[in-house]
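Worth knowing before you read on, the calculation uses all heavy atoms, side chains too, and leaves out hydrogens, waters and symmetry mates. Here is how names work: the chains are called A, B, and so on, in the same order as the sequence lines, proteins then strands, and each is numbered from 1.
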Amino acid sequence: MKPDSVALYRKMLTCRRVEEAIAGLWYEGRISGEMHLGIGEEGINAGVLDHLGDGDAVALDHRGTAGMVLRGVDPAAIVKECMGSVDGLCCGNGGHMHLFSKQHLAASSGIVGAAGPAACGFALAAQQLRPGTVAVAFFGEGAMNQGMLMEAMNLATAWDLPVLFVCRDNGMAITTASASVTGGDLQMRARGLGVSGRSVDGADAEMVWRVAGELIDRARRGRGPAFLRATCTRPEGHFLGDPLVRMARSPLAQLKPRLGPLVAAARSAEGAPMAQRVASLGKITSMLGRAVRTELGPAHDPVRRLRKRLTITSEALVKLEHEVEGIVKDAVDKALTSETANEKESSRCGK
Amino acid sequence: MKPDSVALYRKMLTCRRVEEAIAGLWYEGRISGEMHLGIGEEGINAGVLDHLGDGDAVALDHRGTAGMVLRGVDPAAIVKECMGSVDGLCCGNGGHMHLFSKQHLAASSGIVGAAGPAACGFALAAQQLRPGTVAVAFFGEGAMNQGMLMEAMNLATAWDLPVLFVCRDNGMAITTASASVTGGDLQMRARGLGVSGRSVDGADAEMVWRVAGELIDRARRGRGPAFLRATCTRPEGHFLGDPLVRMARSPLAQLKPRLGPLVAAARSAEGAPMAQRVASLGKITSMLGRAVRTELGPAHDPVRRLRKRLTITSEALVKLEHEVEGIVKDAVDKALTSETANEKESSRCGK
Amino acid sequence: MREMTYAQAIEDALAQAMTSDERVVIFGEDVQALRMNLFARFGKHRVRQTPISESAFLGAAVAAAMAGLRPVAELIMIDFVAVAADALINHAAKIEAFSGGRWQVPMVVRAGCGGGYGDGGQHEQALWGWLAHIPGIKVVAPSTPADAGGLLTAAIADDGPVVFLEHQLLSEDWLDYLGSGGRSTVSYDIPVGGRQGEVPDRWVPIKFGEAAVRRRGSDLTMAGVGVGIHRAAEAAEVLSREGISASVLDLRSVAPLDCNTVAGDVARTGRLLVVDEDYRDFGLSGELAATLLEAGLTARYARVAVEGTIPFDPVRERAALPNIERITAAARNLMK
Amino acid sequence: MREMTYAQAIEDALAQAMTSDERVVIFGEDVQALRMNLFARFGKHRVRQTPISESAFLGAAVAAAMAGLRPVAELIMIDFVAVAADALINHAAKIEAFSGGRWQVPMVVRAGCGGGYGDGGQHEQALWGWLAHIPGIKVVAPSTPADAGGLLTAAIADDGPVVFLEHQLLSEDWLDYLGSGGRSTVSYDIPVGGRQGEVPDRWVPIKFGEAAVRRRGSDLTMAGVGVGIHRAAEAAEVLSREGISASVLDLRSVAPLDCNTVAGDVARTGRLLVVDEDYRDFGLSGELAATLLEAGLTARYARVAVEGTIPFDPVRERAALPNIERITAAARNLMK
Ligand SMILES: Cc1ncc(C[n+]2csc(CCOP(=O)(O)OP(=O)(O)O)c2C)c(N)n1
Ligand SMILES: Cc1ncc(C[n+]2csc(CCOP(=O)(O)OP(=O)(O)O)c2C)c(N)n1
Ligand SMILES: [Mg+2]
Ligand SMILES: [Mg+2]
């Protein structure tokens, strides 16, 4: 199997641009609350979801915007939803962590790990009502420590469900390096739950595509669940405005005000032995260092990587990219118009 | 390391006799509700708990009576508790699934899987307040599918806790053959959570003792959690009055009345294709067959097995057994006296 | 009309639903043994055994319902919902709202509840008021075979999530399983009309939110669900001999709650006594007080409910649950 | 007296408790980053990072407390308690009772709660009434820096399990983290006195179950906790300009509940308006109604609470939460 790399690139670029647009709106204050984006994960999202068709289902986590785009949901409806518009995908009731499209059998959840059980339920319905269809769960490596997700893998084995469990492994769960709180090895853990699988570099979209294709195909043919672990890099940290990223990027404005209290705390008369305090400061420093270092270099950016490998003419590429920009601009324009039309000025946070 | 097999035998026999006495009281209607006993598991319970001392903690599940006896709780207090007496271990508030002894740092729970997190908490306190002490969790193989238990194993790894996770594997969770709903392999699952361990024949108390000794010793020395899986056979099924066991043992009284409706259901006009119905009946039959076959043969009975291997004189053995009978009889007498003394006739169920 | 036990009515209604709608599937721990007849008839795809993984299978029920099935997921006891509450309160209850009303979750959670058979405080909770606190979940608690079958039929037909609570003291299956275990040496105080009774030949759904008036009196109104309402009815008998005439309203569903019938009756009697096997505080009894006050009624009010963790000792267990002595005492007090 | 923000008060009280009692340990997801100062001071053994395994670490907190520690376990948000409710309701709440009063569980669960910053219905719940339903758990919800520090001090000193709910709109830390994310383009409607205020030089425990009278009026009594009580106070200002004089009672702890102060005040005013950011049905507002009726009071009563899943759209979010318009409207209505 070989992907249509141009089409794949187009999808990935669409995700990237939609999410960048959402980021812009968020920074402008037109979107309230948290904002978790999948920038840096396009290779995984597109490489997997390219294999789905009608009747297939997807369970997404808090980072589900790209998944919805890739399943074919109108980007304008997604952007509007993020802005809380009544004509958004969920009438503005859900927001970016709670995107739902019944038509696409695509659901999300802000509860870490919930995608596992949800995918099992979708797969059960697939097995009974739509043989040959599958369900895919997306979640992070941090979610692998959530009981319900482990239970779900085991349930999928027990019921022989057509599920692909996709773990987007960026190594971090908010500020926690997942390796520091995760025992064993994720592949072994999955196998200990009866689910075997593969690990891939998620920045290599074509590779993800090939491996996911095999695993999904297997599930479609009734050969049970599979596990795909794909690594990735997320330049914006956990969410937009991630405090570690802010401190790392604007040490003067963001870090300095915290240093005083931090040093004072570390120096207090009472507390742990000094060696431990020093160790804590060391860990905090390395947390910040990691945030500084995490950037989407050419090797880690799935979009740039795939672009380089395309074999179309540069005219065709420019045209494609232009089209994508157009689609995204259009979606944002629609969202902004609808914001005004609905007199939703007041929907900006706190007004 | 070599166990003091006579002492070990004495402990196991005490558990057996206490639990038999409890069974007797239950059949007499002096104990209400469910009654889960550990008859058949003495090798595991004693082989592990023989290694604990002051400051060590135990988290038990719904099958915790023997564990309490082995930690040194007065058998009379346990029997009284099962009977709901105000002078029982927990003033009659807990019953057999909720036995607690603060003095022994021993706690139980009727919620499957809860022993895992509890042992982690005990181990955390051990690590911070009583270095060198350990915590042990007891649970069944069915509990290995409960999310919180898997989470707990991982947490123990992350925090490097001195815990021994003991899985008593009788292959059954109530009426469910655990293998039919459990993916992978339990040792691999534990390793996938960072906890390595060993599997042993739980009917071989000396073997359990040796392996548990090693693992507990390792935990005591700060080398982190371990997993012990020990197989066992439970002749009474899940609990006293287990319906499968009843049907298997008294087919005329217990099975026959159910057969009419069962066959009628299987023959109904509407339902699954016939082949599936036949398969269901086959599965039900084999469930019953398994209940018939499950008995504590000499190879599976840890008490008889260890007895055979003892090298003391038969006079000494008779004396020992006599003493144990005496202790248990005494406990039951005390419980019955207290029942009368407290005018607890009314405490019999439903009176 | 047929005569059935509470447990038979539930099984019969389930069988009827499974026959008339292919999308109905049941799953849970041990269901192939506990629901042997349904397993024999509908086979392993529609009667599915689960691992002891309540979070996974309740969560799966939510999505299965969203994707076209009508799952009836069994928690052995409602106490165990605590290990899987997320599926119910953060998902089943909220997805219709989150999706802007575009996606519904037609699932049933079936679970035993309630005490009186001596199993202790982690296995005898009622929790109906607790679950009803969360908007988006319906909670029903039938007290008779006819209601059990009719409400279950309605629950399966409902387009939203419904928690169906069957009382362990009314269900001979649960009671045999958890209580007597085949012993003839124990007996329980089982309300007769709850355990066995007439049921329709074919199940028709009973609308949620409609209380059944079990008895109409003039001095005070007693309201509740489950076994408590049978205790209230017994108490009403005793009270009537003392010249106190009590209404007994079986609410049948806790959410939705039939405020109108309660308010209407209390408007007549001027007194409300809530009989509740769930915990007293922040639950059904409080909600009924609020609806009275919201209706602008001034009434005398009392509640007989569970005030702490249910003790194991059967004597104290009985004292902790609403029993006829506590109910009559509270009623007499209200008449003072 | 010192001046502090709500978030600083909590951290300061925690630091004081950790200094004076070696047994106090804190753990939860990301605590080493979120509680950076405490981590720098008390080190990795007493400020422990957890995996995303709420069931395991809440369950561990229960047993750690039983074995001599005084854990403060952090759930990022109380919404997430749903994945770990078992530890709280079937264990922490019950073990003292199960053990015949012989073993206690001195633990604190600390969690953000409450809406108003635009995060949607799975991240803004209050749930205090839900938790308070279960006997054996105390639930506190401070509305000022002074109360936050004093109640946390009491919670840590308490010998039973306490859920400590800090409002996400009052805590600048949570708000920066979850809401603004460093943006200057957004603003929130934050009650001033809740966010910042005077606090004692040394923290002394504030007794649970004692409401604070924020304002004393003659026409009606408003009662609640958290941000709602600030909204009530604002509404009282508006109402006073219309000639309506309202009391504002900050209950501070939901369980135990200060029924006496509420009943006493309502006995004077004859009217109760409950302002509740938790769900309306089967919760705090109902419980307060019950306590009025139990006290034999006849009062006019209304409640402004959350009636369904909180919508994401900030406009509808604001409408769903108790806001000044709804509160004043309900108050005016009560005066009719
Ligand atoms: C049950 C639960 N616990 C905690 C949270 C808070 N939370 C949101 S995202 C997140 C980290 C998830 O990490 P990971 O699974 O690796 O996904 P990533 O964000 O890295 O994509 C946490 C802890 C939550 N939403 N739900
Ligand atoms: C969370 C939860 N789910 C279900 C139950 C009901 N239950 C009690 S014991 C049991 C089976 C446990 O099997 P296993 O762990 O193998 O232990 P065993 O009884 O075989 O010793 C079940 C399902 C429960 N008590 N708690
Ligand atoms: Mg991650
Ligand atoms: Mg077992």
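Here K207(C) does not pair with D158(C) in a salt bridge; the nearest charged N to carboxylate O distance is not below 4.0 Å.
Of all the heavy atoms in A67(C) and L129(A), the pair that sits closest is O-CD1, 3.7 Å. Of all heavy-atom pairs between K94(C) and I89(C), the closest is NZ-O, 2.8 Å.
The candidate with the highest count of non-hydrogen atom pairs below 4.5 Å against chain C, out of M153(A), Q103(A), E81(A), R130(A), is R130(A). Of the listed residues (S99(C), A97(C), A61(C)), the greatest number of heavy-atom pairs within a distance under 4.5 Å of chain A belongs to S99(C). Across Q127(A), M150(A), Q128(A), the residue that shares the most heavy-atom pairs under 4.5 angstrom with chain C is Q128(A). Across P51(C), A65(C), A56(C), the residue that shares the most heavy-atom pairs under 4.5 angstrom with chain A is A56(C). Among the candidates G110(A), A106(A), A126(A), the residue making the largest number of heavy-atom pairs closer than 4.5 Å to chain C is A106(A).
When heavy atoms are compared at a cutoff of 4.5 Å, E54(C) approaches chain A solely by way of its backbone atoms N, CA, C and O. With a 4.5 Å cut-off on non-hydrogen atoms, V25(C) touches chain A through its side chain but not through its backbone. Residue Q104(C): no heavy atom, backbone or side chain, is found under 4.5 Å from chain A. Interface residue F27(C): only side-chain heavy atoms are found under 4.5 Å from chain A.
Considering D56(A), L228(A), V134(A) as possible partners of I216(A), the one that fulfils the side chain to side chain contact (heavy atoms under 4.5 Å, CB included) test is V134(A).
By the 6.0 Å contact criterion, CZ on R221(A) is enclosed, its count of non-hydrogen atoms from other residues, nucleotides or ligands being greater than 12.
Heavy-atom neighbours of chain C within the stretch residues 90-102 of chain A, taken at a separation under 4.5 angstrom, comprise C90(A), C91(A), N93(A), G94(A), H98(A), F100(A), S101(A), K102(A).
Both cation-pi conditions hold for R35(C) and W174(C): the charged atom is under 6.0 angstrom from the six-membered ring centre and inside a 45 degree cone around its axis.
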